[in-house]
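Okay, so here's the structure we're looking at.
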Amino acid sequence: MILEFTVIAIATRWSAIQRLWLAVYQRTTDFQMTVGGLFAALVLGYFLGCIPYLILDLVRPSSARAAKVQKQWYPDARALSRCFLSLFFLFFGVMLPLIAFSYPVFRWVGVRREPPLPRADEVVLHVLTCFVIEDFGNYWIHRWLHTPWLYRHIHYWHHQWNTPFSLAATDAHPLEVILLGIPTIAGPVLLSSHLLTTLIWMMLRQYEAIDIHSGYEFRWNLNAYLPFYGGTEHHDYHHYLYSGNYASIFTYCDEVYGTNLAYKQRKQVKSR
Ligand SMILES: [Zn+2]
Ligand SMILES: [Zn+2]
């Protein structure tokens, strides 16, 4: 839901975004704009993406109940505040320093902020490629995190919520946040994307993580139109049973490597 709205907003406001970019470019240093921009994209993408789902979780309208994948549990104020505190630590204590220390790498590989700004079609191509790179890297790292030692010491943190909700999308052990950050930044680094493209990618990736953890499978969700897009139920199943469906975005890795067999069986049983 959020993902579609954002893509439409970016497409219709492209020239306004370019004007805003030039204004910020003239008033900031390279470090401020790169580090501040990347952090702002992560925070904005995350919390703006959460707002509609948080409202649904708190108000619990009967019209949205049919779309809730696991209907037996909604996050209460205690769960939300615990998760929020954890996120505060992760965003300011882990992600911000990580971005600041990675700044020389971004410069070195050619992630630049200078005009000319990329054309819209180049941005779209880079962002789509980033989705593919992220999905593949995330699949293998996530699957590796499910080996016994790594699960017990690192990945258990993300699985403390077996009924996912939007705010819990990035709630994970600091080492997991760093590990899964690698496929996220791999795309812009490999493609030497413009900083503007990188910010758009980061925001969309955050929105995508929120979408699949939202707990709501609406009929207008992206996977209703794109059968190779995982979506909420796909990842919800992973939290429910702690295994299978390791991919973050698409379904093809789980299909090719056979890690969705139990999920497919369960769906068949449910549809009967
Ligand atoms: Zn997992
Ligand atoms: Zn998850």
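Keep in mind the model is a prediction, meaning the values are calculated, not measured. In listed order, ligands and their atoms are each counted from 1.
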Would you kindly say whether His213 and His235 are connected by a side-chain donor-acceptor distance under 3.5 Å?
-> yes
Is His239 close enough to the Zn ion (ligand 1) to have an N, O or S atom under 2.8 Å?
-> no
ang(NE2 His146, the Zn ion (ligand 1), NE2 His155) rounded to 10° is 90°
Can you tell me if an N/O/S atom from His158 lies under 2.8 Å from the Zn ion (ligand 2)?
-> yes
With a 4.0 Å cut-off, would you call Asp76 and Arg78 a salt bridge?
-> no
Test: Arg266 and Glu233 ion pair at under 4.0 Å = no
Residues, nucleotides or ligands: over 12 heavy atoms within 6.0 Å of Tyr242 OH = yes
Drop me the distance from Glu176's CD to Leu90's CG, to the nearest 0.5 angstrom.
-> 10.0 Å
Degrees at the Zn ion (ligand 1) between the NE2 atom of His159 and the NE2 atom of His142, nearest 10° | 160°
Where the Zn ion (ligand 2) is the corner point, what angle links NE2 of His213 with NE2 of His235, to 10°?
-> 90°
